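Here the structure is a predicted model, which means the values were calculated and not measured. Heavy-atom basis, side chains included; hydrogens, waters and symmetry copies ignored.
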Amino acid sequence: MDFPASIDTAAYETVAPTTQASSQCSLVNAVNQTSYLGNLLFFLMLGCLCFRWWHRKQSKQQVSDDHRQQIERLERIWKMRSHQEP
């Protein structure tokens with residue numbers, strides 16, 4: 001069985017980082033920061049929408065409770081007046 005010849009590793013020496021490599025790193029950092037800020041903005045907007053939905057739901061419930069109480073008061077007044085009249 002024939003095995004391949006050994007590979008010369010001299011051609012694969014470690015290359016020292018250059019200015020191009022450092023600029024690529026800063027570009028990657030900028031992209032990561034932009035992605036982070038984009039996600040933060042997205043979740044902030046989502047939170048605002050959820051709060052707005054919840055607040056509208058609560059205010060509608062409050063209005064319906066107020067209307068129910070007003071109706072009950074008017075019914076009591078109407079019953080009192082109907083009992084007072086002979």
Phe43 side, atom CZ; Cys48 side, atom SG - distance, nearest 0.5 Å | 13.5 Å
Not counting sequence neighbours, which residues clear salt bridge (charged side-chain N to carboxylate O under 4.0 Å, His left out) with Glu72? List them please.
-> Arg68
Here the gap from His55 atom NE2 to Cys50 atom SG, rounded to the nearest 0.5 Å, amounts to 14.5 Å
Common cluster, Phe42/Met45, ILVMFWY with side-chain heavy-atom separation under 4.5 Å = no
Any chance you could measure Phe51, atom CZ, to Arg56, atom CZ, to the nearest 0.5 Å?
-> 12.0 Å
What distance do Asp65 atom CG and Gln58 atom CD have between them, rounded to the nearest 0.5 Å?
-> 9.5 Å
Rounded to the nearest 0.5 angstrom, the CG-CG distance for Leu44 and Asn39 is 12.5 Å
Do Gln62 and Asp66 have a side chain donor and acceptor closer than 3.5 Å?
-> yes
